[in-house]
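Quick notes on the structure that follows.
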Amino acid sequence: MAKSLPFLTRPPNKVFSFIALCPQPFKIRPLDPPPFRFPASTLKFLETHYSSSLNLTTHFYKNKDDYIGSTFKPDKFYASLIDDSIHKTHLNQIYAKLLVTGLQYGGFLIAKLVNKASNIGEVSCARKLFDKFPDPDVFLWNAIVRCYSRHGFFGHAIEMYARMQVACVSPDGFSFPCVLKACSALPALEMGRRVHGQIFRHGFESDVFVQNGLVALYAKCGEIVRANAVFGRLVDRTIVSWTSIISGYAQNGQPIEALRIFSEMRKTNVRPDWIALVSVLRAYTDVEDLEHGKSIHGCVIKMGLEYEFDLLISLTSLYAKCGHVMVARLFFNQVENPSLIFWNAMISGYVKNGYAEEAIELFRLMKSKNIRPDSITVTSSFAACAQIGSLELARWMDEYISMSEFRNDVIVNTALIDTYAKCGSVDMARFVFDRIPDKDVVVWSAMMVGYGLHGQGRESIILFHAMRQAGVSPNDVTFVGLLTACKNSGLVEEGWDLFHRMGDYGIEPRHQHYACVVDLLGRAGHLDRAYNFVMNMPIEPGVSVWGALLSACKIHRHVTLGECAAERLFSLDPYNTGHYVQLSNLYASSRLWDCVAKVRVLMKEKGLTKHLGYSVIEINGKLQVFQAGDKTHPRSKEIFEEVEDLERRLKEAGFVPHTESVLHDLNYEETEETLCNHSERLAIAYGLISTPPGTTLRITKNLRACNNCHAAIKLISKLVSREIVVRDASRFHHFKDGACSCGDYW
DNA sequence: ATAGGGTTAG
């Protein structure tokens, strides 16, 4: 594999040596310059008027050609002082001199000063300079609008643009792109529309810079049809026009159309540059088309752009999203000082592919290098934390957030609610929820999903009513949360009712909602109702819907309907092990051993193997993984003694294991020995011998708990007086005093 | 005399 990717080797330090080779921006003078004749009066004037801190002498001798043979022109002199190497102190000094010497040469010098201040990021300094000038002309107005929109102060940019019109200064072809950029960044569609009208009235209908700004504006505001209309009227399209419309389609969830326009562009003689390739790569990343993405990668190399930082980020996202996280990491490692966006791309790439530990590791590395994360970094790291399911890790992250600038960030706190819920503490999730002052629909929905995971359906519905009282409208995710909560709690009629009220809020049910309803009905044993529901769906039932039906058939041993669902699943999703396992389990529960064997043969033919089961328990901040019959732990002997002791106490308490169907159940962990060797039992035993009495044990499983273990753990919780929290593949079980929070409804 | 547009993480 490494051989097929020769582009990953990088000559040492090439990225940086290229910068060193970049020529300094000096002016080339004609050979044989005339002799230097600077009038004595000028030198005297300069000496009396300038402080040494400006180091003017050096400046003169460096630029003396500018003054040769001509009388000293102060305005030209000032203009030449304001070059790119200017510092903030110099800006103020020059401005002071302008006032003191009474040299008012019109707005252009101030405009130049403001632009230079903007270039070096001195936004407030630029504004101060602007404010001192009483009667700004269009150059000066443009300078301040541009300064604000370049540095992310979009509201200020729009405000200054509006004030310019109050001052009766007509905008020109340079004003529009700046204010349009501000409008698209916010986004402020209404303001953008007004600007569009002004552009029309001022006759900039064929200015390509202005029109590109409009394309970007409508694309960013989701008005892709309008963006395309403006693009369609453009006669001389530049690479920027094409990039704007391509990225517009890519950002509005139409990557295929974006790619079609790119291929259209390739028929013209406009050559893509690196920004265009970034947009195209994003589209291929969205559709997870690695093959075409690789061909763009080839383009990148051919054009000699393989060391462009931003293209490396795009390539990293592409390979990571397509599952090649190792390749992505090689790109990441090539760069000595990755930007924040680069770190975020790598972390989220890991999270998307289930490499949660690597993601957390990278987050820690970032912290150790004192790189400041942003809310995206933190949100992705929380997602990793939720995947692992470690409550300790969630607490650590929470503590970190509470001391950071993200303490009051709504998006981060929403991620924290989700993380706490997925790490087993619905109470901590609620605590975070309660302290958020202005809850938006995502915050409410996250909490409802959290209750759903823990089977607290009533709480979820109460929250829904509270949300409506607070005047917040639900969205489609809200209903996913509610329906999940209902199906996990057996609230059939409540869920059914909520599903039918989605239309009242103008929300069209998606696959997930239909799947929830099928699950809701099916699990409660209303299999015929569920089947009728599927048959009358307005959209084609997909994998999730048939999967829910099959799983309901397994619980209620409805073989014929289950076979029907399985048949659909095998044609829709032929290489997913889970469906075969479910069907096999259905046969096993009905004691159809021949059929079980047939499914196993079918799986073998397709080269499918069942997933290995494992359980994870966290002791003193360390995650310990167990598989069935696992003897690898250093304290293995003690663990097995504890397992046997538990088994003995279970029998004494009258527990009767139901072995037969479970032993043939492919979903669960096969072992030649006894059922009590299942991984969660080992994890529980290890937890019991490693923690003080009364400590809650928290276990995460990759599969669903088997019937036998579920029954056993209920009793164990009573025998050892411990609360045991188990996260299985789809939900939480809280075992306490011989009962489980799921009410055996799972 | 002065200056402008497009991109990547979630």
Side-chain angles (χ1 to χ4, degrees), chain A residues 73 75-76 78-80 82 105-116 118-119 136-147 149-150 171-182 184-185 204 207-217 219-220 227 231 234 237-248 250-251 258 272-283 285-286 308-318 320-321 328 332 338-352 373-383 411-412 414-415:
Chain A
K73 291 205 179 77
D75 55 345
K76 193 180 177 200
Y78 278 114
S80 77
I82 308 167
Y105 295 101
F108 88 93
L109 273 179
I110 309 289
K112 190 165 185 181
L113 273 176
V114 171
N115 278 318
K116 292 307 165 197
S118 167
N119 284 347
D137 64 356
V138 67
F139 289 120
L140 188 47
W141 280 112
N142 287 350
I144 195 69
V145 173
R146 173 174 169 271
C147 174
S149 96
R150 243 185 83 169
D172 65 6
F174 286 86
S175 322
F176 296 123
C178 298
V179 69
L180 285 175
K181 186 187 173 180
S184 38
F204 285 90
D207 184 316
V208 70
F209 279 80
V210 173
Q211 296 300 312
N212 287 346
L214 283 173
V215 174
L217 167 80
K220 285 255 170 64
F231 178 77
L234 264 176
R237 294 164 183 170
T238 64
I239 183 60
V240 178
S241 325
W242 287 100
T243 308
S244 300
I245 194 72
I246 290 170
S247 70
Q251 282 165 3
D273 64 0
W274 67 269
I275 301 183
L277 294 179
V278 164
S279 305
V280 174
L281 278 172
R282 141 124 198 204
T285 306
D286 280 353
E308 195 69 55
F309 288 117
D310 294 300
L311 270 170
L312 281 173
I313 297 173
S314 301
L315 288 168
T316 304
S317 302
L318 171 77
K321 177 93 187 282
F332 182 78
S339 66
L340 182 58
I341 296 179
F342 212 156
W343 283 96
N344 289 348
M346 195 61 233
I347 290 175
S348 73
Y350 275 137
V351 176
K352 263 183 218 148
D374 66 359
S375 61
I376 293 173
T377 325
V378 173
T379 312
S380 310
S381 304
F382 269 140
I411 297 175
V412 168
T414 309

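Quick caveat: nothing in here was measured; it's all calculated off a predicted structure. A note on names: the letters A, B, ... follow the listed sequences, proteins ahead of strands, and every chain is numbered from 1.
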What is the minimum heavy-atom distance between A:Cys178 and A:Val145, and which atoms define it?
CB-CG1, 3.8 Å
Quick one: side chains of residues 341-349 of chain A, donor-acceptor pairs under 3.5 Å with protein atoms, not counting sequence neighbours, listed by atom name and distance.
unit_1	atom_1	unit_2	atom_2	d
A:Trp343	NE1	A:Pro338	O	3.3
A:Asn344	OD1	A:Thr377	OG1	2.6
A:Asn344	ND2	A:Asp374	OD1	3.2
A:Ser348	OG	A:Asn344	O	3.2
A:Ser348	OG	A:Ala345	O	3.3

Taking OP1 and OP2 of B:dA9, is either one under 4.0 Å from a side-chain nitrogen or oxygen of A:Arg282?
yes
Look at the side-chain N and O atoms of A:Lys220 and state whether any lies under 4.0 Å from the OP1 or OP2 oxygen of B:dT7.
yes
Sugar-phosphate, base or nothing in reach of A:Asp310, heavy atoms under 4.0 Å
base
At 4.0 Å (heavy atoms only), tell me whether A:Lys352 reaches a base, stays on the sugar-phosphate, or touches nothing.
sugar-phosphate
So if I take every side-chain heavy atom of A:Ile313 and compare against B:dA9, B:dT8, B:dG5, which nucleotide ends up nearest?
B:dT8
Does any donor atom in the side chain of A:Ser244 or A:Ser241 lie under 3.5 Å from an acceptor atom in the other side chain?
no
Which of these nucleotides, B:dA3, B:dG5, B:dA9, is closest to any side-chain atom of A:Phe174?
B:dA3
When you get a sec, tell me which of B:dG5, B:dT7, B:dA9 is the closest nucleotide to the side chain of A:Ser279?
B:dT7
Choose from B:dT8, B:dA9, B:dA3 the nucleotide whose nearest atom is closest to any side-chain atom of A:Ala345.
B:dA9
Whole-Å distance separating the CH2 atom of A:Trp274 from the C1' atom of B:dT7:
6 Å
Indicate, with a heavy-atom threshold strictly under 4.0 Å, whether A:Glu308 touches base, sugar-phosphate, or nothing.
nothing
Could you check whether A:Leu180 gets within reach of a base, just the sugar-phosphate, or nothing at all, counting any heavy atom under 4.0 Å?
nothing
Counting side-chain heavy atoms from C-beta on, which of B:dG5, B:dA3, B:dT8 comes nearest to A:Val240?
B:dG5
Of all the nucleotides listed (B:dG10, B:dG5, B:dG6), which has the minimum atom distance to the side chain of A:Thr243?
B:dG6
Indicate whether any N or O donor in one side chain lies under 3.5 Å from an N or O acceptor in the other, for A:Ser175 and A:Asp172.
yes
Contact class for A:Thr238 vs. all strands (heavy atom < 4.0 Å): base, sugar-phosphate, or nothing?
base
So what does A:Asp207 touch, heavy atoms closer than 4.0 Å: a base, only the sugar-phosphate, or nothing?
base
Given B:dT8, B:dG5, B:dG10, identify the nucleotide with an atom nearest to the side chain of A:Ser380.
B:dG10
Once ring pair (Phe, Tyr, Trp, His ring centres under 6.0 Å) is applied, do any residues pair with A:Phe176, and if so which ones, sequence neighbours excluded?
A:Phe204
With respect to the side chain of A:Ser314, which nucleotide from B:dG5, B:dT8, B:dA3 is positioned closest?
B:dT8
Please classify the nucleic acid contact of A:Gly349 as base, sugar-phosphate, or nothing, using heavy-atom distances under 4.0 Å.
nothing
